[in-house]
Amino acid sequence: MSQIPSELKYVSTHEWIRLEDDGSVTIGITDHAQQLLGDVVYVELPEVETTFNAGDDAGVVESVKAASDLYAPLSGEVLEVNEALADTPEMVNQDPYGQGWFFRMRPSDPDELLELLDADAYAELCEEESA
């Protein structure tokens, strides 16, 4: 069973969102997503200062099995990307909720945070997909 930390928020495209103390959010892919992908071999991240609308393509995750789009779960501006993934993309598999994070952004529409899934709703979504 995949790990689904209760303090995070989620979207149906399998990204997680952590609200930071400064109002920014950190984004990565879930344990469930990295398990489905298999060994991650390459991550293409967005450029800092890029602005996205919720649902926009924000990057690509490539594994030995497949390539998968990474989506912006919220509208806003990219503040920082995890440069370490360029050299060690396997961190996504080893620590998806820690060192395997993808990027940080400043949300432009705080109401979008209210639309995110909690851990229980995300777990239910994963179960439905597996059925």
Side-chain angles (χ1 to χ4, degrees):
M1 182 69 186
S2 302
Q3 294 178 354
I4 304 175
S6 61
E7 70 275 11
L8 302 177
K9 296 294 185 182
Y10 302 88
V11 290
S12 60
T13 52
H14 304 288
E15 286 85 14
W16 58 260
I17 301 92
R18 181 176 55 235
L19 186 59
E20 304 295 350
D21 292 338
D22 65 358
S24 68
V25 293
T26 301
I27 296 159
I29 62 168
T30 64
D31 188 39
H32 178 76
Q34 69 82 19
Q35 286 179 16
L36 290 174
L37 281 168
D39 293 337
V40 174
V41 295
Y42 175 75
V43 177
E44 179 184 305
L45 297 172
E47 297 286 325
V48 172
E49 297 183 355
T50 302
T51 302
F52 290 111
N53 290 317
D56 285 354
D57 288 351
V60 177
V61 182
E62 292 183 15
S63 72
V64 293
K65 289 185 187 176
S68 182
D69 289 330
L70 175 66
Y71 299 99
L74 301 166
S75 301
E77 180 183 4
V78 176
L79 302 173
E80 179 184 7
V81 298
N82 187 351
E83 302 282 355
L85 294 181
D87 295 325
T88 53
E90 63 273 10
M91 283 195 300
V92 174
N93 298 112
Q94 295 163 357
D95 191 11
Y97 300 114
Q99 293 183 356
W101 64 278
F102 284 59
F103 61 97
R104 283 190 336 111
M105 68 188 305
R106 179 157 318 282
S108 58
D109 182 357
D111 288 344
E112 289 179 352
L113 291 164
L114 304 173
E115 299 171 19
L116 301 174
L117 303 173
D118 64 14
D120 290 339
Y122 181 69
E124 199 172 297
L125 174 84
C126 292
E127 285 177 25
E128 288 172 9
E129 287 184 353
S130 299

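- Contact annotation: the side chain of H14 approaches that of C126 to within less than 4.5 Å [non-hydrogen atoms, C-beta and beyond].
- L70 and W16 are not part of a single hydrophobic cluster, where members link through side-chain heavy atoms under 4.5 Å apart.
- Listed here is the closest heavy atom pair of G100 and V92: O-CG2, 3.9 Å.
- Taken to the nearest 0.5 Å, the CD atom of E47 stands 9.0 Å off from the CD atom of E44.
- Not one N or O on the side chain of S24 forms a donor-acceptor pair closer than 3.5 Å with the backbone of E20.
- Between L74 and L113 there is a side-chain heavy-atom pair separated by less than 4.5 Å.
- Under the 4.5 Å side-chain heavy-atom criterion for grouping Ile, Leu, Val, Met, Phe, Trp and Tyr, W101 is not connected to Y71 through any hydrophobic cluster.
- When hydrophobic clusters are built by joining Ile, Leu, Val, Met, Phe, Trp and Tyr residues whose side-chain heavy atoms come closer than 4.5 Å, directly or via intermediates, V25 is grouped together with L45.
- For the pair G23 and L19, the tightest heavy-atom approach, listed with the atom from each and the gap, is O-CD1, 4.0 Å.
- Surrounding CD of E49 are at most 12 heavy atoms belonging to other residues, nucleotides or ligands under 6.0 Å away.
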Residues 51-58, side-chain donor-acceptor partners within the protein, below 3.5 Å, at least two apart:
unit_1 : atom_1 : unit_2 : atom_2 : d
D56    : OD2    : N53    : N      : 2.8

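- Side-chain atoms of D31 do not come within 3.5 Å of backbone N or O of I4 as any donor-acceptor pair.
- Nearest approach of P89 to V43, heavy atoms of both residues: CB-CG2, 4.2 Å.
- Applying the salt bridge (Lys or Arg N to Asp or Glu O under 4.0 Å) rule to pairs touching residues 94-109 yields D22-R104, E80-R104, sequence neighbours excluded.
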(request) With side chain to side chain contact (heavy atoms under 4.5 Å, CB included) as the test, would you mind laying out the steps for E90 and D39 before giving the verdict? (result) CA-CA 7 Å; E90 63 273 10; D39 293 337; over 6 Å; no
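- The minimum heavy-atom distance linking L125 with S12 is given by the pair CD2-CA, 3.6 Å.
- The side-chain heavy atoms of L116 and V11, taken from C-beta on, include a pair separated by under 4.5 Å.
- With F102 as reference, I29 is the one residue of V78, T26, I29 to meet the side-chain contact (heavy atoms from CB on, under 4.5 Å) rule.
- Remark: E115 engages no residue in a salt bridge (charged side-chain N to carboxylate O under 4.0 Å, His left out) (not counting sequence neighbours).
- At least one side-chain heavy atom of K9 sits under 4.5 Å from a side-chain heavy atom of D118.
- Contact of the I27 side chain with the M105 side chain is registered, since non-hydrogen atoms from C-beta on lie closer than 4.5 Å.
- Side-chain contact between V61 and Y42 is absent, with no heavy atoms from C-beta onward closer than 4.5 Å.
- Shortest non-hydrogen contact noted between L37 and A66 is CD2-O, 4.3 Å.
- The main-chain N or O of V40 is never found under 3.5 Å from a side-chain atom of Q34 such that the two would form a donor-acceptor pair.
- D69 is listed as a side-chain neighbour of V60, based on a closest heavy-atom distance under 4.5 Å.
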(message) Under the criterion side chain to side chain contact (heavy atoms under 4.5 Å, CB included), I'd like the reasoning laid out for Q94 against Q99: C-alpha separation, chi angles, the key distance, then a yes or no.
(response) CA-CA 8 Å; Q94 295 163 357; Q99 293 183 356; over 6 Å; no
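- P5 and A119 get closest at one heavy-atom pair: O-CB, 3.8 Å.
- Side-chain atoms of Y122 and L8, non-hydrogen and from C-beta on, never get closer than 4.5 Å to each other.
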